[in-house]
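Shown next, in structure tokens, is the structure this report addresses.
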Protein chains: 2
Amino acid sequence: MSTTADTQTATTLKKSAYHHGDLRAGLIEATRQLVEQNGPDGFSVSDACRLAGVSTAAPYKHFKNKGEMLVAVCVEGMGRLRANMQSAVADIPLGDPRRVTVIGGEYIKYALAEPACFKLKFGGFTDGMDDDALKAAGEAVFDTAKAEVAACIGESEITPIVQQKAFMLWSFVHGLSFILEDKDLAEMGPEIEIEPLLADITRRVLSD
Amino acid sequence: MSTTADTQTATTLKKSAYHHGDLRAGLIEATRQLVEQNGPDGFSVSDACRLAGVSTAAPYKHFKNKGEMLVAVCVEGMGRLRANMQSAVADIPLGDPRRVTVIGGEYIKYALAEPACFKLKFGGFTDGMDDDALKAAGEAVFDTAKAEVAACIGESEITPIVQQKAFMLWSFVHGLSFILEDKDLAEMGPEIEIEPLLADITRRVLSD
DNA sequence: TACATATGTTAGAGTTTCTTACTTTGACAA
DNA sequence: TTGTCAAAGTAAGAAACTCTAACATATGTA
């Protein structure tokens, strides 16, 4: 390595300790961790700043307020959920009802893996926030489900019947996710196994 | 009215302006209103005190902390929900699947009538709170549902099949409640009517 | 009447969100 | 090289919030 290169590298890596590099992303990750740790309501901007190593005023250069930080976490989460769904069905032929079951399973799996993010999006925290990116991310997930239902019942477009069946299945896995997430609630359905339950409800809803 | 009665009444009604009378109940109601107004996360003890007309320290004679105030609101809400269910099925013969449909309808109706209370109980706010009264109130609601399912499929006790079917129906109405409550989510199921949807899913789940 | 108890209040410590005014850094043009 | 500018940080502080401690007042009972 030449001396010049060394100098350049050192300069680049130093990051000057003043400018963070990508504080926005850093804060989103810090927020996600804290929310996942302390629950959706036990999050403070101050904590996120401590974790990211910046002053408590720094976030306000990147987000309008605390709520926008939480919304950003949700948007990222919905993106991950959709990606999970798509890779999970990749090996199953189109029109196979197992695709629907697997998609539902991914929904639940996500809810259990990132419970705080899930509650953040669907638990009423982001209700009045009206963020377009978040809305779009959510719709993309549901569109995926509708397409699978259509393929299963042999429809080439999203007819009212497809809408209705997809909506039923969504309601079911959505509710199931919330219930399984809450220890006290999950205890009320003791000897129940998720996979067979999912396959069962899928069959019932997709049938005529 | 006699003078004596007048004096007594006046004394009783005066409430001495120092002692509230029933501050615990007053604070629960104030909390409910505020939570319903500003969303589950937009509630402050201070606001409740202003609304009830007492100092910000007064609640701590009745509740351990903010969380306990919210839990108390949930417990009252679950009680109302159960009462609604019971009076709604009173005129339908036992074993009629319409009883199950109606119970589900009441669940959803409650969720839409007191959305913030509903989210408070089920949205993760009371997760780590572990309150026995709250847990019991929730179980009482589910027990009601299980009994109806058992009657419909001709079982005299809560068998695993009954458990499974009741759990399915609960998951469904639970998820549907959350979805309908959220304007952005409800838009995703546009031309869907709740009553027929409920009857449809009930039939599918109760069938063999 | 007098005391114990329940239920209030005031004052204040310690956090929290968010604003304002200032500083540092990096990039680019002259 | 140097001057300018926008972007991204800091420090300090206002306003609000939760909760505690110490004190005050009312109520019920012996």
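Keep in mind the model is a prediction, meaning the values are calculated, not measured. Lettering of chains follows the sequences in order, A, B, ..., and the numbering in each one begins at 1.
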Notebook entry, point to check: Is the closest basic N to carboxylate O distance between Asp131(B) and Lys135(B) below 4.0 Å?
Noted result: no
Self-check item: Basic-acidic side-chain contact under 4.0 Å: Glu187(B), Lys183(B)
Solution: yes
Out of [options], which nucleotide sits closest to the side chain of [X]?
X	options	answer
Ser44(A)	dT16(C), dG8(C), dT18(D)	dT16(C)
Arg50(B)	dT9(C), dC17(D), dT7(C)	dC17(D)
Ala57(A)	dC18(C), dC19(D), dA11(D)	dA11(D)

Notebook entry, point to check: Does the side chain of Glu29(A) pick up a donor-acceptor pair with the side chain of Gln33(A) at under 3.5 Å?
Noted result: yes
Walking DNA chain C from its 5' end, the first of Asp47(A) and Lys64(A) to be reached, judged by nearest nucleotide, is Asp47(A)
- prompt: Does a side-chain N or O from Ser46(B) land closer than 4.0 Å to OP1 or OP2 of dT18(D), or not?
  reply: yes
Round to the nearest Å and state the distance from [X] atom [atom1] to [N] atom [atom2].
X	N	atom1	atom2	answer
Lys61(B)	dA21(D)	NZ	P	11 Å
Leu27(A)	dA8(D)	CG	P	12 Å
Tyr60(B)	dC19(D)	OH	P	4 Å
Asp22(B)	dA6(C)	CG	P	16 Å
Phe63(B)	dT20(D)	CZ	C1'	18 Å
Lys66(B)	dG14(C)	NZ	P	21 Å
Phe43(A)	dT15(C)	CZ	P	18 Å
Asn65(A)	dT17(C)	CG	P	11 Å

Between Ala48(A) and Phe43(A) the two heavy atoms that sit nearest each other are CB-CE1, 3.8 Å
Discussion item. Quick check against the 3.5 Å criterion: does Arg99(A) have a side-chain atom that pairs as donor or acceptor with the backbone of Ile92(A)?
Written reply: yes
Note: for His62(A) and Thr56(A) on DNA chain D, the residue whose nearest nucleotide lies more 5' is His62(A)
